[in-house]
Amino acid sequence: MSIEALIETWKDVREGVIAETRRFDGKMVTKLALLQFSYSHEMYHRGQLTVYQRLLNIEPALTTRLNQVFEARG
């Protein structure tokens with residue numbers, strides 16, 4: 001892909017993410033802001049689940065996977 005094609009693609013994407021949409025409370029925000037909120041909200045709850053698992057002496061799935069990767073590397 002040429003740099004010119006990449007620039008044109010980015011312009012199309014940019015127009016989409018700066019377009020406004022209505023938030024759950026009725027306020028207008030950009031689609032990118034709504035996406036960022038959704039992502040951070042999901043990560044917040046993922047952190048809560050990790051804490052609950054550790055309190056129950058359960059190793060979280062991501063920790064298990066990372067330990068497997070580190071062990072495989074030696």
Nearest-0.5 Å distance that lies between atom NZ in Lys11 and atom CD in Glu8: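 Between Lys11 NZ and Glu8 CD, I get 4.5 Å after rounding to 0.5 Å.
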
Could you state the interatomic distance from CD (Glu4) to OG1 (Thr9), rounded to the nearest 0.5 Å?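 Here the interatomic distance stands at 11.5 Å.
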
Using the salt bridge (Lys or Arg N to Asp or Glu O under 4.0 Å) criterion, which residues pair with Arg46? Sequence neighbours excluded.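 With sequence neighbours excluded, Arg46 shows a salt bridge (Lys or Arg N to Asp or Glu O under 4.0 Å) to no residue whatsoever.
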
Does anything in residues 43-74 form a ring-ring contact (aromatic ring centres under 6.0 Å, His included)? List the pairs, not counting sequence neighbours.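 Listed by first then second residue: His41-His45.
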
Would you give me the side-chain donor-acceptor pairs under 3.5 Å for residues 26-38, sequence neighbours excluded?
unit_1 : atom_1 : unit_2 : atom_2 : d
Thr30  : OG1    : Ala33  : N      : 3.1
Ser38  : OG     : Leu34  : O      : 3.0

With sequence neighbours excluded, tell me which residues meet side chain to side chain contact (heavy atoms under 4.5 Å, CB included) with Val69.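 Arg65, Arg73.
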
Residues forming a side-chain hydrogen bond (donor to acceptor under 3.5 Å, both in side chains) with Asn57, sequence neighbours excluded: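 If we apply the side-chain hydrogen bond (donor to acceptor under 3.5 Å, both in side chains) test to Asn57, skipping adjacent residues, there are no hits.
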
If you group Ile, Leu, Val, Met, Phe, Trp and Tyr whenever their side-chain heavy atoms sit less than 4.5 Å apart, what else falls in with Ile58?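 Besides Ile58, the cluster holds Leu56.
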
Taking C-beta and beyond as the side chain, do Thr63 and Arg54 meet within less than 4.5 Å on heavy atoms?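 A side-chain contact exists here, since the closest heavy-atom pair is under 4.5 Å.
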
